[in-house]
Amino acid sequence: SGSGMNQIDAKEVIGQGGFAFPVAESNGKKYYSLQSAVKGAADGATITVLVDIELTAQDAKPILKPTYNREAYAGLIIPDDKTLTLDLNGKTLSYVDEYYECDNNMIINLGNLTINDTVGGGKITYKPVAGSSTYSKFYSTIFNCGTLTINAGTIENTAEAETDVSNAVENHSRLSHEYGNDCILTVNGGELIGAYYYAIRQYTHFLEGVQNRVTINDGTIAGGVYMQ
């Protein structure tokens with residue numbers, strides 16, 4: 001049975017030779033990890049989260065452009081060729097970083113991602129604990145390099161101390177530029193919380209020909225918005 005297993009990504013359980021249970025569903029098909037749901041879901045589909053999930057760090061370098069020459073990890077990656085809706089369905093996605101002195105964002109969005117919460121009470125939460133000795137590493141809950149629309153749910157970064165760039169949403173056009181993407185964030189609802197740094201950092205990197213746009217139509221922003 002799956003009793004007591006809600007806080008563990010089923011992918012980890014499979015790797016340990018144990019039993020597994022579906023953690024997400026899209027178009028009637030169930031998936032045993034959230035990343036496999038992203039890979040398997042049709043373009044434009046909705047992925048519904050079925051249980052609370054603690055995401056597991058994965059090497060982000062194979063998906064990122066070769067020009068991104070930094071060590072990088074993430075709990076979930078939306079590739080640049082996907083348009084998806086993530087329905088939190090009242091569940092919690094959590095992540096605790098395990099790597100020191102490298103980028104480690106909870107979710108990297110390179111595509112077009114919409115976040116809904118049809119039930120209410122859904123949350124995406126990240127507590128960076130390692131940190132870095134230099135102000136140059138990223139530990140954001142959502143590292144957006146594409147189009148991100150937040151309609152509902154709580155997106156929070158609960159860093160309690162100096163852990164480099166630890167924002168709820170990092171709108172980062174430096175990497176979006178490598179994909180030929182504008183970097184677009186629209187907040188229509190929900191709550192964005194930056195406990196130590198910012199709810200939103202708009203990192204423009206002064207690149208010509210690339211839009212970095214943040215639009216807040218509704219919702220709660222706790223932690224402020226910072227443009228750099």
Side-chain angles (χ1 to χ4, degrees), residues 6 9-11 21-56 58 60 63 74-95 105-126 140-157 167-172 175-176 179 181-193 199-200 211-221:
N6 283 2
D9 188 338
K11 179 177 62 175
F21 54 91
V23 299
E25 182 177 4
S26 182
N27 291 332
K29 182 176 181 180
K30 290 182 169 57
Y31 295 90
Y32 292 83
S33 77
L34 202 50
Q35 191 65 62
S36 65
V38 168
K39 182 178 179 180
D43 194 42
T46 294
I47 296 170
T48 301
V49 180
L50 301 178
V51 297
D52 295 342
I53 308 170
E54 181 178 327
L55 297 176
T56 303
Q58 57 181 305
I63 288 182
L76 182 68
I77 303 170
I78 312 299
D80 64 319
D81 61 351
K82 277 290 178 76
T83 296
L84 294 171
T85 296
L86 182 65
D87 180 4
L88 296 176
N89 191 34
K91 304 301 188 288
T92 295
L93 305 182
S94 60
Y95 189 59
N105 298 289
M106 180 175 176
I107 298 172
I108 297 177
N109 177 45
L110 303 171
N112 189 322
L113 176 64
T114 298
I115 297 174
N116 290 338
D117 183 22
T118 54
V119 172
K123 180 184 293 188
I124 301 175
T125 182
Y126 177 24
S140 290
T141 306
I142 302 180
F143 191 80
N144 182 47
C145 303
T147 298
L148 174 64
T149 303
I150 299 172
N151 293 326
T154 297
I155 318 296
E156 65 179 11
N157 190 293
N167 305 298
V169 176
E170 171 87 8
N171 213 48
H172 195 90
L175 185 55
S176 73
Y179 291 85
N181 294 338
D182 291 328
C183 195
I184 309 299
L185 169 64
T186 304
V187 181
N188 295 319
E191 186 174 18
L192 277 64
I193 302 171
I200 300 169
Q211 289 192 56
N212 188 316
R213 189 167 69 241
V214 173
T215 303
I216 302 171
N217 295 316
D218 204 348
T220 300
I221 308 299

(message) Checking Asn217 against Val187 for the side-chain contact (heavy atoms from CB on, under 4.5 Å) test, could you report, in this order, the C-alpha distance in whole Å, the side-chain angles of both residues, the deciding distance, and whether it holds?
(response) CA-CA 6 Å; Asn217 295 316; Val187 181; over 6 Å; no
Practice task
Take Val38 and Ile78, measure what side-chain contact (heavy atoms from CB on, under 4.5 Å) needs, and give me the verdict at the end.
Solution key: CA-CA 7 Å; Val38 168; Ile78 312 299; 3.7 Å; yes
Apply the test side-chain contact (heavy atoms from CB on, under 4.5 Å) to residues Val169 and Leu148: give CA-CA distance (whole Å), side-chain angles for both, the deciding distance (0.1 Å), then the verdict. CA-CA 10 Å; Val169 176; Leu148 174 64; 4.0 Å; yes
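The backbone N or O of Gly146 lies less than 3.5 Å from a partner atom in the side chain of Asn144, making a donor-acceptor pair. When atom types are taken as modelled, the side chain of Asp117 and the backbone of Gly90 share a donor-acceptor pair closer than 3.5 angstrom. In terms of modelled atom types and a separation under 3.5 Å, the side chain of Asn105 and the main chain of Thr141 share no donor-acceptor contact. The main-chain N or O of Asn167 is found under 3.5 Å from a side-chain atom of Ser140 such that the two form a donor-acceptor pair. Side chain of Gln35 to backbone of Ile77: a donor-acceptor contact under 3.5 angstrom is found. Panel note: side chain Lys91, backbone Val23; no donor-acceptor pair is recorded below 3.5 Å.
The OG1 atom of Thr147 lies 4.5 Å from the CG atom of Asn112; values are rounded to the nearest 0.5 Å. Between Phe143 atom CZ and His172 atom NE2 the span is 4.0 Å, to the nearest 0.5 Å. Put simply, NZ on Lys30 and OG1 on Thr48 are 10.0 Å apart, with the number rounded to the nearest 0.5 Å. Ile47 CD1 to Ser36 OG: the interatomic distance, rounded to the nearest 0.5 Å, is 8.5 Å. Distance OG1/Thr186 to CG/Asn151: 9.0 Å, rounded to 0.5 Å.
Between Ile115 and the choices Leu84, Asn109, Ile155, the side-chain contact (heavy atoms from CB on, under 4.5 Å) rule is met once, by Ile155. Of the candidates Thr125, Thr154, Val49, Thr92 forms a side-chain contact (heavy atoms from CB on, under 4.5 Å) with just one, namely Thr125. The side-chain contact (heavy atoms from CB on, under 4.5 Å) test with Thr46 is passed by exactly one of Thr118, Asn116, Leu86, Asp87: Asp87.
No side-chain donor-acceptor contact under 3.5 Å links Asp218 and Asn188. A donor and an acceptor atom, one from each side chain of Asn212 and Asn171, are located under 3.5 Å apart.
The closest side-chain heavy-atom distance from Tyr95 to Ile124 is not below 4.5 Å. Residues Arg213 and Leu185 fail the side-chain proximity criterion, which asks for heavy atoms closer than 4.5 Å. At a threshold of 4.5 Å between non-hydrogen side-chain atoms, the residues Ile200 and Ile216 count as touching. When side chains are defined from C-beta on, Met106 counts as touching Leu55, because their heavy atoms get closer than 4.5 Å. Between Ser26 and Tyr31, some side-chain heavy-atom pair lies under the 4.5 Å cut-off. Within the 4.5 Å cutoff, the side chain of Asn157 has no heavy atoms near those of the Ile193 side chain. Taking the side chain as every heavy atom from C-beta outward, Leu93 and Lys123 never approach each other to under 4.5 Å. Residues Ile150 and Leu192 meet the side-chain proximity criterion, which asks for heavy atoms closer than 4.5 Å.
Of all heavy-atom pairs spanning Gly75 and Gln58, the tightest one is O-NE2, 3.3 Å. Taking both residues in full, the closest heavy atoms of Gly153 and Leu88 are given as CA-CD1, 4.2 Å, listed atom of the first, atom of the second, then distance. Across every non-hydrogen atom of Ala24 and Ala37, the tightest pair is CB-CB, 4.0 Å.
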